[in-house]
Amino acid sequence: MKVFVVLALALASVSAGLLPQGAPVHPKDLSVAVAPIQGRITNGLTASEGQFPYQVGLSFSSTSGSWWCGGSIIGNEYVLTAAHCTSGASGVTIYYGATVRTSAKLTQTVSSSGFIQHASYNSIVLSNDISLIKTPSVTFTSYIQKVELPAIESTYSTYAGQKAIASGWGKVSDSASSVASTLQYETFEVVSVATCQATYGSLIATSKVICVATPNKTSTCNGDSGGPLVLASNNKLIGVTSFVSSAGCESGAPAGFTRTTSFLDWIKANSGIAY
């Protein structure tokens, strides 16, 4: 009953202009909304070995199936990903140091007891879309390395106009029939929250979200969920891949990320990792 009430409220907000035009969807779920899409950084570039040592691949399992997401190493015992990736999963296999998707330098299997999903994650308005995975300790190498969190003073930065890099695995286009075997990436320009709200409305595109422009049919997509958005100027983790337009990854609509600076205190409280 609660789900239907929340959904009704969300739909009612359309008339108030809170959810105009584009319907957002988690990349992991996009194959349901747009059947041919299973993908990655659409029309992106192929990463070289060791280029993104903080990137991990996450193969989640559940009683109802399995799915692929990305994540970021933020400490020897913690991976940061999206709540919509951990939600409903019974366990995950983590691929560390991989460029070829299933050829990792190290793999670990973690049960759902190691998931720390944000208690206020809301799958209707896609808010608080962030989770930690507590892992056995890993030793850092040139291929396996943590990414730095942004400083607390970055909380007030909009990042609008700045360049940021997203990475992940998946299809080479919306119409591709199989996932790419190698890690993909692309550099995007961050747009203002107001620009993002023009497509998704203010219930979705809040101050806790970062959006990027997706010109030339280049975007995050299914398979990239939970992966990193790193500021190009200083390699700090500013976002976690959260949503795209249900019209498809090549639609040209902004792509959305959970804003890391909005959850620095939550990360510290649940992992001990300070910013």
Side-chain angles (χ1 to χ4, degrees), residues 26-28 52-98 101-102 104-123 126-152 166-169 183 208 223-230 235-242 257-275:
H26 289 314
K28 180 178 77 68
F52 301 104
Y54 51 80
Q55 170 91 49
V56 295
L58 301 173
S59 179
F60 287 94
S61 57
S62 74
T63 55
S64 58
S66 60
W67 54 91
W68 181 269
C69 282
S72 302
I73 303 168
I74 62 168
N76 296 89
E77 297 181 332
Y78 286 94
V79 165
L80 190 69
T81 188
H84 77 266
C85 289
T86 58
S87 182
S90 57
V92 64
T93 299
I94 306 171
Y95 293 77
Y96 293 90
R101 187 166 63 94
T102 56
K105 303 295 183 184
L106 171 71
T107 60
Q108 293 181 340
T109 300
V110 177
S111 72
S112 59
S113 62
F115 300 167
I116 307 170
Q117 184 172 300
H118 198 289
S120 298
Y121 165 59
N122 186 314
S123 62
L126 319 186
S127 60
N128 304 303
D129 187 18
I130 193 166
S131 282
L132 286 162
I133 300 174
K134 175 72 165 60
T135 72
S137 184
V138 297
T139 300
F140 292 150
T141 69
S142 57
Y143 299 104
I144 303 172
Q145 192 59 245
K146 70 176 181 179
V147 63
E148 296 293 335
L149 297 173
I152 189 64
S167 50
W169 288 270
L183 185 62
K208 294 183 177 182
D224 293 321
S225 286
L229 181 71
V230 172
N235 294 317
K236 297 294 179 71
L237 181 68
I238 63 169
V240 175
T241 303
S242 180
F257 300 78
T258 302
R259 183 186 171 102
T260 311
T261 57
S262 297
F263 297 92
L264 291 175
D265 288 339
W266 179 86
I267 292 170
K268 182 178 180 180
N270 286 281
S271 69
I273 296 174
Y275 35 85

Participant: Looking at CG of Asn270 and CD1 of Ile130, how far apart are the two atoms once the value is rounded to the nearest 0.5 Å?
Facilitator: 10.0 Å
Participant: Do Ser167 and Pro228 come within less than 4.5 Å of each other through their side chains, counting heavy atoms only?
Facilitator: yes
Participant: For a quick test of reading the model, state the closest non-hydrogen atom pair linking Gln117 to Trp266 and the distance between them.
Facilitator: C-CZ2, 4.1 Å
Participant: Which residues pass the salt bridge (charged side-chain N to carboxylate O under 4.0 Å, His left out) test with Lys268, sequence neighbours left out?
Facilitator: none
Participant: Taking the side chain from Gln108 and the backbone from Thr135, do they hold a donor-acceptor pair closer than 3.5 Å?
Facilitator: no
Participant: When you measure from the side chain of Thr260 to the backbone N and O of Ile238, does any donor-acceptor pair fall under 3.5 Å?
Facilitator: yes
Participant: Take Val56 and Thr81 through the side-chain contact (heavy atoms from CB on, under 4.5 Å) test and state the conclusion after the steps.
Facilitator: CA-CA 10 Å; Val56 295; Thr81 188; over 6 Å; no
Participant: Looking only at heavy atoms, which two atoms of Leu183 and Ala98 are closest? And how far apart?
Facilitator: CD2-O, 4.4 Å
Participant: Taking Thr258 for its side chain and Ser242 for its backbone only, find out whether a donor-acceptor pair lies under 3.5 Å.
Facilitator: no
Participant: Taking only residues two or more places apart in sequence, or in another chain, which ones meet Tyr121 in a side chain to side chain donor-acceptor pair (under 3.5 Å)?
Facilitator: His26
Participant: Which atom names give the shortest non-hydrogen contact between Pro53 and Ile73, and what distance separates them?
Facilitator: O-CD1, 3.7 Å
Participant: Among residues at least two apart in sequence or on other chains, which ones pass ring pair (Phe, Tyr, Trp, His ring centres under 6.0 Å) with Phe257?
Facilitator: none
Participant: Please report the C-alpha distance between Ile74 and Val147 in whole Å, then the side-chain angles of each, then the deciding distance to 0.1 Å, and finally whether the side-chain contact (heavy atoms from CB on, under 4.5 Å) criterion is met.
Facilitator: CA-CA 5 Å; Ile74 62 168; Val147 63; 4.3 Å; yes
Participant: Strictly distance-based, threshold 3.5 Å: is any side-chain N or O of Ser59 a donor or acceptor partner for the main-chain N or O of Thr93?
Facilitator: no
Participant: Say whether Asn128 and Ser120, considering side chains only, have a donor N or O and an acceptor N or O under 3.5 Å apart.
Facilitator: no
Participant: Under the salt bridge (charged side-chain N to carboxylate O under 4.0 Å, His left out) test, which residues partner Lys146, sequence neighbours left out?
Facilitator: none
Participant: Only counting residues at least two apart or in another chain, list the ones meeting side chain to side chain donor-acceptor pair (under 3.5 Å) with Lys236.
Facilitator: none
Participant: Using a 4.5 Å cut-off on heavy atoms from C-beta on, say whether the side chain of Ile144 contacts that of Lys105.
Facilitator: yes
Participant: Side-chain contact test, heavy atoms from C-beta onward, threshold under 4.5 Å: evaluate it for Tyr54 versus Asn235 and give yes or no.
Facilitator: no
Participant: Is a side-chain N or O of Ser271 found less than 3.5 angstrom from the main chain of Ile267, in a donor-acceptor match?
Facilitator: yes
Participant: Kindly indicate whether the side chain of Gln145, heavy atoms from C-beta on, has any atom under 4.5 Å from the side chain of Phe140.
Facilitator: yes
Participant: With sequence neighbours excluded, what pairs up with Ser72 under the side chain to side chain donor-acceptor pair (under 3.5 Å) test?
Facilitator: none
Participant: Restricting to side-chain contact (heavy atoms from CB on, under 4.5 Å), what partner residues turn up for Ala151, sequence neighbours left out?
Facilitator: Glu153, Ser154
Participant: Supply the atom-to-atom distance Ile94 CD1 to Thr107 OG1, rounded to the nearest 0.5 angstrom.
Facilitator: 9.5 Å
Participant: Which residue in the set Ile116, Val240, Thr86 passes side chain to side chain contact (heavy atoms under 4.5 Å, CB included) when paired with Ser131?
Facilitator: Thr86
Participant: Which heavy atom in Leu264 sits nearest to a heavy atom in Pro150, and how many Å separate them?
Facilitator: CD1-O, 3.7 Å
Participant: So, the side chain of Trp67 versus the backbone of Cys85: is there a donor-acceptor pair under 3.5 Å, distance only?
Facilitator: yes
Participant: Please find the pair of heavy atoms, one from Ala89 and one from Ser62, that lie closest to each other, and give the distance.
Facilitator: CA-CB, 4.2 Å
Participant: Below 4.5 Å, heavy atoms only, C-beta onward: do Phe115 and Phe60 meet side chain to side chain?
Facilitator: yes
Participant: So which pairs with a foot in residues 69-89 pass salt bridge (Lys or Arg N to Asp or Glu O under 4.0 Å), sequence neighbours left out?
Facilitator: Glu77-Lys134
Participant: Please collect all salt bridge (Lys or Arg N to Asp or Glu O under 4.0 Å) contacts where either partner lies in residues 54-70, sequence neighbours excluded, each pair once.
Facilitator: none
Participant: Start with the C-alpha gap between Val79 and Val92, add the side-chain angles, then the distance that decides, and say whether side-chain contact (heavy atoms from CB on, under 4.5 Å) holds.
Facilitator: CA-CA 12 Å; Val79 165; Val92 64; over 6 Å; no
Participant: Taking all non-hydrogen atoms of both residues into account, name the closest pair between Arg101 and Trp68 and its distance.
Facilitator: CG-CZ2, 3.4 Å
Participant: Considering residues at least two apart in sequence or located in another chain, which fulfil the side chain to side chain donor-acceptor pair (under 3.5 Å) criterion with Tyr275?
Facilitator: Asp265
Participant: Return the set of residues passing side-chain contact (heavy atoms from CB on, under 4.5 Å) with Ser66 (not counting sequence neighbours), or none when no residue passes.
Facilitator: none
Participant: How would you list, by chain and number, every residue that makes a ring pair (Phe, Tyr, Trp, His ring centres under 6.0 Å) with Phe263, sequence neighbours excluded?
Facilitator: His118
